[in-house]
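Below: one structure, written as structure tokens.
We name chains A, B, ... by the order of the sequence lines, and we start the count at 1 in each one. Values below: all heavy atoms of this structure, side chains included; hydrogens, waters and symmetry mates excluded.
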Amino acid sequence: MRRVKAVLRREWEEAVRIRMVLFSVSFFPLFMVGFAAYLVWQGRSLPPQGQAVLMNTALIYFFVLPVVIPLSIAAYSIVGEKEQGTLEPVLATPIRDWELFLGKALAPVIPGVLISWAAFGIFLIASCLILGGIPPGVLSPPWLLSIFALAPFTALFAVFVTMIVSSRTTDTRAAYQFSSLAVLPALIPLIVYSARLTAVNLIFVGIEVGVLLPLNAVTLYIALRLFRREEILTRWK
Amino acid sequence: MIRVEGLTRRFGDRVAVEGLTFEVREGEIVALLGPNGAGKTTTVRMLACLISPTSGRAWVGGHEVHAEPEAIRAIVGILTETPGLYRRLSARQNLRFFAELYGIQDARDRIEKYLRFFGLWERRDEPVATYSKGMRQKLALARALLHEPRVLLLDEPTAGLDPESARSVREFIAGLKGERRAVLLCTHNLPEAERLCDRILLLRTRLIAQGTPEELKRRLFGTRVVIELANPRPGIDAELRLPVVKSAELAGARLYVEVSDPHRDNPALVRRLVELGAEIVSVREEETTLEDVYHELMGDTDAQG
Ligand SMILES: Nc1ncnc2c1ncn2[C@@H]1O[C@H](COP(=O)(O)OP(=O)(O)OP(=O)(O)O)[C@@H](O)[C@H]1O
Ligand SMILES: [Mg+2]
């Protein structure tokens, strides 16, 4: 664990020096909160039922955040190591492949998830202030479950996809754009919601988990196979 | 400290190194000398357990590369082909990260020791991006030494440095002599290999020759004697015909004659030349340089394809 911690610390020391990463972990979540709050503000004179619909719509932004924040951290993390040629000296130390992998995977996921939750919290407070309370039917268990339990999985999925894509390119922007496809599973709520116009329910959360778990398993498997010493040094472009 | 037997590595159909057998003992600095694509980096990577051999065996510090890669990585320090530093981080942050990976206890003191040693202490907290190439190379060396490795693998430590920086890096490497380490130094710089190393391994996919610089020179070229003539006559080189003469060639006023032992053979050579009517101005031994050896050997393998 000592070596995993060392990787995490170094990743974060580096991340705070990259403008794009700083942007995606600060301005982007704030922007999303502002946008969501604006939506709620517009419906401030609607009856509670209408307010609930608006708020549920706004919540969907908070599905996207835990995907988008880790994406940029992960893309810079891997492409950056390749550009700087730093993986070889790291792999020459006694670090195990899985320790490096775990450090690299957690480095974007931890801030990604924490910042998403924080943004969600800020949004709730803002809505409370705007509407003078949370309308009934908004903070139902399925919603909370989606926000809190699914975020780590969508974030991990985004990171695994970025790892796979990054191993094949030396261009951060290309890595970032390709990996953005990882946002798709997080959009399922949006799609279901707009198709059926129902609030999220338990069945829906179940479906989301049912989709995410196999996706995570498959991408984890591929990423782990790519993340072997030999593979990194001889096959990565 | 390093023992290699029949080490081979292929990348698909391409053979990068083949059938390498050599040894580097404690306290020795050995050069792995070869042109681009000779397989130097590949060899070093196999010894650092970064990539695995296709066949053959190797031991580093008594551990076999297949069996105990982690034990080997803990005692090997490697200077990779490119410095591979985190450019956004400072020298100290870079070294601290590696100190943690190696599990160094007194990391602070150790980092300070090496940063001071390489003259980087003043700039320890500046990002590496602001360093010159020579400073980066020194920082990479500091990183390779941080855990006091018993085996040091240096892949072209002076490549791309200006003469001044190259010299200070060479002086440092020369200072490693006498420490109880084994050093394998990859280079295509001949004078560097000759000056720094106890022995030289000439590599071009296969090991073409090995020995001390002196041995290599002697083995390849007996000794050349240069005789300056006052009356050079074309054809005199062909008329020389003596058993001790391996080859003779007239170029301008100079006659180049190859013999195995000048002390024994020169008197007979001079006598014969006088018989042939030559007027001798001077007789001296010619220095063979390692460069001659290198081109002779590498040229040979070129011809073989
Ligand atoms: N990952 C790889 N995939 C395919 N071929 C490779 C790979 N790494 C090295 N090779 C090949 O192996 C051979 C030896 O390469 P290596 O890098 O070991 O040479 P070198 O002696 O270090 O050369 P240089 O002096 O240019 O650094 C070359 O033909 C190279 O193309
Ligand atoms: Mg090389």
For atom [atom1] of [X], is the number of surrounding heavy atoms from other residues, nucleotides or ligands below 6.0 Å larger than 12?
X: A:Arg225; atom1: CZ; value: no
X: A:Arg173; atom1: CZ; value: no
X: B:Lys133; atom1: NZ; value: no
X: B:Gln105; atom1: CD; value: no
X: A:Tyr221; atom1: OH; value: no
X: A:Tyr38; atom1: OH; value: no
X: B:Tyr102; atom1: OH; value: yes
X: B:Arg108; atom1: CZ; value: no

Please report the closest heavy-atom contact between [X] and [Y], naming both atoms and the distance.
X: A:Ala6; Y: B:Glu100; result: CB-OE1, 3.1 Å
X: B:Leu101; Y: A:Pro94; result: O-CD, 4.0 Å
X: A:Pro89; Y: B:Pro83; result: CG-O, 4.5 Å

Is there a salt bridge (Lys or Arg N to Asp or Glu O under 4.0 Å) between A:Glu230 and B:Arg9? Walk through the geometry before answering.
CA-CA 12 Å; A:Glu230 175 107 29; B:Arg9 170 72 205 208; 2.5 Å; yes

Quiz question: by atom type and distance under 3.5 Å, do the side chains of B:Tyr86 and A:Glu13 form a donor-acceptor pair?
no

So which of A:Arg9, A:Arg228, A:Glu99 has the biggest tally of heavy-atom pairs under 4.5 Å with chain B?
A:Arg9

Tell me, out of A:Arg10, A:Arg229, A:Arg3, A:Lys5, who's got the most heavy-atom pairs with chain B below 4.5 Å.
A:Arg10

When you check the gap from the basic side-chain N to the acidic O, do A:Arg96 and B:Glu70 get nearer than 4.0 Å?
yes

Can you tell if the side chain of [X] reaches within under 4.5 Å of the side chain of [Y], non-hydrogen atoms only?
X: A:Thr93; Y: B:Arg73; answer: no
X: A:Arg17; Y: B:Leu89; answer: yes
X: A:Glu14; Y: B:Gln93; answer: no
X: B:Arg88; Y: A:Ile18; answer: yes

Which of the residues B:Glu81, B:Arg96, B:Arg143 is involved in the greatest number of heavy-atom pairs with chain A at under 4.5 angstrom?
B:Arg96

Note: vs chain A, highest number of non-hydrogen pairs under 4.5 angstrom among B:Val76, B:Ile72, B:Leu85 is B:Leu85

Straight-line distance of [X] [atom1] to [Y] [atom2], nearest 0.5 Å:
X: A:Leu233; Y: B:Thr41; atom1: CG; atom2: OG1; result: 11.5 Å
X: B:Phe97; Y: A:Thr86; atom1: CZ; atom2: OG1; result: 8.5 Å
X: A:Glu88; Y: B:Ile78; atom1: CD; atom2: CD1; result: 5.5 Å

Contact class of B:Leu50 relative to chain A, heavy atoms under 4.5 angstrom:
both

Interchain contact, A:Glu81 with chain B, by part (heavy-atom threshold 4.5 Å):
side chain

